[in-house]
Amino acid sequence: MQDIQYLTFHLSEETFGLGILHIKEIIEFESLTNVPMMPDYIPGIINLRGNVVPVIDLNMRFYKTKTKTSRKTCIIITEVNLESETVDVGLLVDTVDEVVDIHEEKIEDPPNFGSKIRLDFIQGLGKLDSGFVIILKINQILNLSEIQDIQEKSLNLN
């Protein structure tokens, strides 16, 4: 058994974690370019060093409420596997917290009850001294066809 590192962040007063191996960088929220005909949880795209990166509002995806942006609002740039390629996707979150080590045996299966978000998004619950961290499955948050739609529509914008 080993410790696994997770980046923790907050959405609607809950703490979430993502395995750091999926994370490329964290950037301050500035502004997004709107793309017509996108699902409501994809408020737009950003230009990250010449690459088009779709941004998912995780509050909207999980709780059906828009993220209220503040100076602490961040976009976590993650890598999602899309068939044979890797695609960058931004995750809009309220605040980014810290990187924590969670020992494998301190991660429990997701609960069958009480969660406000879809269980297929949750890998497990990590136990920390300060409480629980909801560990997310990054590839489940966006399905492959949605990523392909975003890529095609953003290519048509250029």
- Do the side chains of Phe9 and Met60 join up, straight or via other hydrophobic residues, at under 4.5 Å, putting them in one cluster?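 Looking at the clustering, Met60 is in the same group as Phe9.
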- Task: Look up atom CD1 in Ile20 and atom CD1 in Ile76, then write down how far apart they are to the nearest 0.5 Å.
- Result: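 The CD1 atom of Ile20 sits 12.5 Å away from the CD1 atom of Ile76.
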- Task: Measure the CG-OG1 distance between Leu128 and Thr8 for me, rounded to the nearest 0.5 Å.
- Result: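 Reported value, rounded in 0.5 Å steps: 7.5 Å.
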- Task: Quick one: pull up CG in Asp101 and NZ in Lys106 and give me the separation to the nearest 0.5 Å.
- Result: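 Result: 12.0 Å between the selected atoms.
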- Hey, could you give me the CD/CD1 distance between Gln5 and Ile23, rounded to the nearest 0.5 Å?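 Gln5 atom CD to Ile23 atom CD1 measures 10.5 Å (nearest 0.5 Å).
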- Pairs touching residues 45-65 that satisfy ring pair (Phe, Tyr, Trp, His ring centres under 6.0 Å), sequence neighbours left out: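 Every pair satisfying ring pair (Phe, Tyr, Trp, His ring centres under 6.0 Å) with a residue in residues 45-65: Phe16-Phe62, Phe62-Phe121.
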- Task: Hey, could you give me the CG/CG distance between Leu21 and Leu7, rounded to the nearest 0.5 Å?
- Result: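 With rounding to 0.5 Å, CG (Leu21) is 12.0 Å from CG (Leu7).
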- Task: Determine which pairs satisfy salt bridge (charged side-chain N to carboxylate O under 4.0 Å, His left out) with at least one residue from residues 32-54, sequence neighbours left out, and list them in order.
- Result: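 For residues 32-54: Glu25-Arg49.
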- Message: Donor-acceptor pair, distance only, cut-off 3.5 Å: does the side chain of Thr78 make one with the backbone of Val89?
- Response: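 Looks like yes, one N/O pair under 3.5 Å.
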- Query: Is there a side-chain contact between Ile75 and Leu32 (heavy atoms, below 4.5 Å)?
  - Reply: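 Yes, close enough: below the 4.5 Å cut-off.
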- Quick one: does Ile42's side chain get under 4.5 Å of Val35's, heavy atoms only?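 They are not in contact (no side-chain heavy atoms under 4.5 Å apart), so the answer is no.
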Could you pull out every donor-acceptor pair under 3.5 Å between side chains of residues 129-137 and any protein atom, sequence neighbours left out?
none

- Message: Consider side-chain contact (heavy atoms from CB on, under 4.5 Å). Of Ile77, Ile138, Ile26, which one does Leu91 pass it with?
- Response: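 Of the listed options, the one satisfying the test is Ile138.
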- Where the side chain of Asp97 meets the backbone of His10, is there a donor-acceptor pair that is under 3.5 Å apart?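 The answer is no, because no donor-acceptor pair under 3.5 Å joins these two groups.
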- Nearest-0.5 Å distance, CG of residue Leu92 to OG1 of residue Thr73: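 Separation between the atoms: 6.5 Å.
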- Query: With the 4.5 Å side-chain cut-off for hydrophobic clustering, are Tyr6 and Leu11 part of the same group?
  - Reply: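 Cluster IDs for Tyr6 and Leu11 differ.
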- Query: In terms of hydrophobic clusters joined by side-chain contacts under 4.5 Å, are Leu125 and Ile102 together?
  - Reply: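 No, because Leu125 and Ile102 fall into different hydrophobic clusters, even though each may have its own neighbours under 4.5 Å.
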- Considering all heavy atoms, the nearest Val96-Cys74 contact: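 Result for this residue pair: CG2-CB, 3.7 Å.
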- Is the CD atom of Glu30 crowded by more than 12 outside heavy atoms at less than 6.0 Å?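 Open: at most 12 neighbouring heavy atoms sit under 6.0 Å from CD of Glu30.
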- Message: Give me the atom names and distance for the closest heavy-atom approach of Gly90 to Val53.
- Response: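 So the minimum-distance heavy-atom pair works out to N-CG1, 3.5 Å.
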- Given the rule that I, L, V, M, F, W and Y join up when any side-chain heavy atoms are under 4.5 Å apart, are Phe29 and Ile27 in one cluster?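 In one cluster with Phe29: Ile27, yes.
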- side-chain hydrogen bond (donor to acceptor under 3.5 Å, both in side chains), paired with Ser12, selected from Thr65, Thr67, Asn59: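 Looking at Thr65, Thr67, Asn59, the match for Ser12 under the side-chain hydrogen bond (donor to acceptor under 3.5 Å, both in side chains) is Asn59.
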